[in-house]
Amino acid sequence: MGFNELASGTERRWRIQSLMRRKQVDSDRAKAEGGGSQLAKELSVLQLVAIGVGSTIGAGVYVLVGTVAREHSGPSLTISFLIAGIAAALSAFCYAELASRCPSAGSAYHYSYICVGEGVAWLIGWALILEYTIGGSAVARGISPNLALFFGGPDSLPAFLARVHIPGIDVVVDPCAALLVLIITGLLCLGIKESSSVQAFVTSLNVCVMLFVIIAGGYIGFRSGWVGYTVTSGFFPYGVNGMLAGSATVFFAYIGFDSVASTAEEVKSPQRDLPVGIALALSICCLLYMMVSVVVVGLVPYFAINPDTPISSAFAEHGVHWAMYVVAAGAVLALCSTLLGSILPQPRILMAMARDGLLPSFFSDVNKRTQVPIKGTVVTGVSAAILAFFMDVSQLSGMVSVGTLLAFTIVAISILILRYVPPDEIPLPSSFHESIEPLSFKYMSEEKDVKLSKDLIGVNDNEKQSSGDGTSIDYPLIIKDNNQYKINELKRRKYASWSIAFVCTGVFILTSSASTTCLPQYLVYSACIFGALLFLVGLFVLSWIEQDDGRHSFGHSGGFICPLVPFLPVCCILINSYLLVNLGADTWLRVSVWLLIGVFVYLFYGRSNSTLTNVIYVPVAHAHEIYRKSSDNVA
């Protein structure tokens with residue numbers, strides 16, 4: 001079977017295999033062939049940390065600590081934040097390796113296109129578009145109530161910024177939210193250096209507010225004797241289960257660090273800086289969350305915490321009423337920083353999808369002066385501004401979590417694929433046909449040798465065997481030894497592929513059945529046992545077999561390596577799948593409508609315009625020789 005017969009993109013075009021076609025991993029050669037304008041490489045570790053912290057720490061922490069402490073964790077809220085931070089770190093490890101190996105725009109969409117396939121990559125990219133649009137709009141709608149406190153209280157904003165209720169259609173428009181989105185959009189159009197500098201400044205001010213809460217609150221706590229920790233119900237008033245339920249809730253407070261990965265193409269030294277930026281951003285967020293929670297639940301008993309304004313109320317209980325304005329300022333700063341972090345990644349995902357032909361080339365244009373995708377940024381900003389102006393998107397906030405958790409899950413699966421069954425074929429344009437054809441016969445001969453060696457196993461040294469073309473072959477065991485490695489490698493890849501499928505299927509069955517409430521108990525237990533068996537069998541085989549040698553040369557080498565594979569990414573898949581299943585039927589119904597729209601867009605546009613429609617897939621081992629012959633032909 002020749003290269004053309006092996007995997008022609010044209011043959012795959014209208015078949016289901018088009019969903020599985022994968023693009024070439026990042027490399028200097030692939031980047032040179034891509035051409036076009038590149039994004040500006042301006043970001044350092046400090047700017048990456050500012051983007052990660054600013055995108056993660058939103059105003060939710062100023063409210064979330066009260067709700068979770070009252071309903072789930074009590075004084076053990078700090079441990080809930082720690083466990084959630086460790087769970088988020090599992091995804092961060094996976095992101096760090098892929099970001100350093102594949103430092104291009106697109107984040108989880110880009111990684112899944114390389115490791116999993118075009119169909120899954122499209123759905124991830126489409127879900128992330130929804131996430132960032134709704135997330136940015138929801139954040140913008142939350143700024144105006146906090147900003148109104150500085151003008152005298154609720155509904156005290158100037159007339160041109162105040163919310164207005166339109167009778168008849170029952171819509172409350174928010175000019176302040178729309179204006180802020182447009183300002184952030186304009187800032188992002190100036191360039192990544194300018195926008196990241198502003199975000200670093202705003203994030204620094206927000207961190208200063210949180211440090212004020214920690215230091216001032218700690219001082220008051222030591223003076224008052226930390227009354228919150230003297231409650232008779234103990235450190236775990238709702239038990240360990242309540243503390244774990246609190247961890248599942250506060251886990252969403254860590255969503256945002258993945259924005260760092262979306263800027264991979266704009267980092268000066270991605271192999272070194274991206275993993276460090278992701279790790280530092282997540283560590284800083286976890287430490288700040290834990291310290292704030294220590295103070296809040298220590299100043300006031302957990303059952304007396306105000307769920308709406310926990311931090312301000314805790315200070316007010318001790319006579320520090322003016323702290324309300326400091327906390328409100330921190331909330332506004334956190335929301336502005338999160339808004340910038342919500343709008344920043346989407347134009348880059350749109351650009352990556354347009355580069356691959358799945359969206360119109362309009363979104364792939366990079367401005368030559370500012371070196372940012374201005375067209376995509378403007379479309380993103382205007383869409384988010386319109387949504388923030390007309391709609392109260394708070395009911396849609398659960399849809400934001402779907403995109404993030406799906407991305408976290410696919411990134412972990414991509415790590416397993418990268419380590420055990422990395423792509424062994426790469427797509428080459430049809431222009432390489434003349435260079436590929438001479439090697440096609442050679443590849444056919446190698447396949448014939450592998451087949452023949454399977455038949456020669458067990459043949460004595462002094463025996464002779466006839467090949468398919470009638471020629472005599474002496475010393476068949478030598479041929480067998482030469483090809484035995486290829487046979488074993490094919491078996492190993494097959495076992496690894498099935499094991500990864502077992503893990504994913506087992507996780508889905510286990511989490512779905514454990515979370516269902518509408519089935520009889522015996523069916524739930526049976527499904528849980530079956531899912532757990534699939535999961536454990538797949539995990540055992542993955543931990544037993546060796547990882548693929550091709551992982552060492554996959555993408556850009558010399559960067560961060562995710563530890564404890566396969567256990568760490570498998571745990572990541574399990575945790576994120578459980579959270580996905582428990583998001584609720586209403587959320588999944590809304591997301592399904594959006595994903596269904598995406599399926600039609602892909603079928604009628606993306607599939608036929610993909611840059612992989614007319615490519616020829618060749619083994620990685622032969623790619624260098626093909627490139628060399630192509631260069632010789634051109635010369």
Side-chain angles (χ1 to χ4, degrees), residues 50-67 131-151 153-157 161-163 172 174-188 195-196 198-213 250 252-257 259 281 284-285 288-289 292 308-312 324-346 380-381 384-385 387-389 391-397 400-401 404:
I51 292 173
V53 174
S55 302
T56 304
I57 298 183
V61 67
Y62 294 96
V63 179
L64 199 61
V65 290
T67 304
E131 172 198 338
Y132 290 125
T133 302
I134 292 182
S137 303
V139 167
R141 295 278 297 203
I143 293 178
S144 50
N146 288 279
L147 197 60
L149 293 176
F150 296 97
F151 292 88
D155 303 322
S156 300
L157 285 173
L161 294 177
R163 291 181 175 180
V172 178
D174 193 337
C176 180
L179 180 62
L180 286 170
V181 172
L182 294 176
I183 291 174
I184 294 295
T185 302
L187 175 63
L188 289 171
S195 59
S196 61
V198 171
Q199 184 161 30
F201 176 73
V202 175
T203 301
S204 300
L205 293 178
N206 182 31
V207 170
C208 289
V209 172
M210 298 186 74
L211 290 176
F212 163 79
V213 171
V250 301
F252 297 102
Y254 289 97
I255 288 177
F257 71 86
S259 297
I284 291 172
C285 292
L288 289 174
Y289 285 156
V292 169
D308 297 321
T309 57
I311 299 178
S312 301
M324 174 186 69
Y325 297 101
V326 178
V327 174
V332 171
L333 291 168
L335 285 168
C336 289
S337 182
T338 306
L339 177 59
L340 204 158
S342 296
I343 299 177
L344 172 68
Q346 183 167 329
T380 297
L387 198 59
F389 183 75
M391 292 183 62
D392 182 4
V393 293
S394 59
Q395 295 181 348
L396 307 179
S397 57
V400 175
S401 303
T404 300

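Quick caveat: nothing in here was measured; it's all calculated off a predicted structure.
Between Val53 and Cys285, the shortest heavy-atom contact is CA-SG, 3.9 Å. Here the closest heavy-atom approach between residue Leu333 and residue Leu205 is recorded as CD1-CB, 3.5 Å. The heavy-atom pair separating Ser55 from Thr338 by the smallest distance is O-CG2, 3.8 Å. The nearest pair of heavy atoms linking Ala334 to Ile57 is CB-O, 3.7 Å. Contact between Ala177 and Ala140 at its shortest, heavy atoms only, is CB-O, 3.4 Å. Closest of all the heavy-atom pairs between Val213 and Val327 is CG2-CG2, 4.5 Å.
A donor-acceptor pair is defined here as one N or O able to donate and one able to accept, closer than 3.5 Å; such a pair exists between the side chain of Arg141 and the backbone of Met391. Counting only distance, with no hydrogens or angles, the side chain of Ser137 and the backbone of Ala384 share a donor-acceptor pair below 3.5 Å.
Between Tyr289 and Tyr254, the ring planes lie perpendicular to each other; the angle is over 60°, past the 30° to 60° tilted range.
Asp174 places a side-chain heavy atom less than 4.5 Å from the side chain of Ser144.
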What's the verdict on side chain to side chain contact (heavy atoms under 4.5 Å, CB included) for Ile51 and Leu344, showing C-alpha distance, side-chain angles and the deciding distance? CA-CA 9 Å; Ile51 292 173; Leu344 172 68; 4.1 Å; yes

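Under the side chain to side chain contact (heavy atoms under 4.5 Å, CB included) test applied with Cys336, the options Val139, Ile143, Leu147 reduce to a single match, Ile143.
Every residue was checked against the ring-ring contact (aromatic ring centres under 6.0 Å, His included) condition with Tyr62, not counting sequence neighbours, and none meets it.
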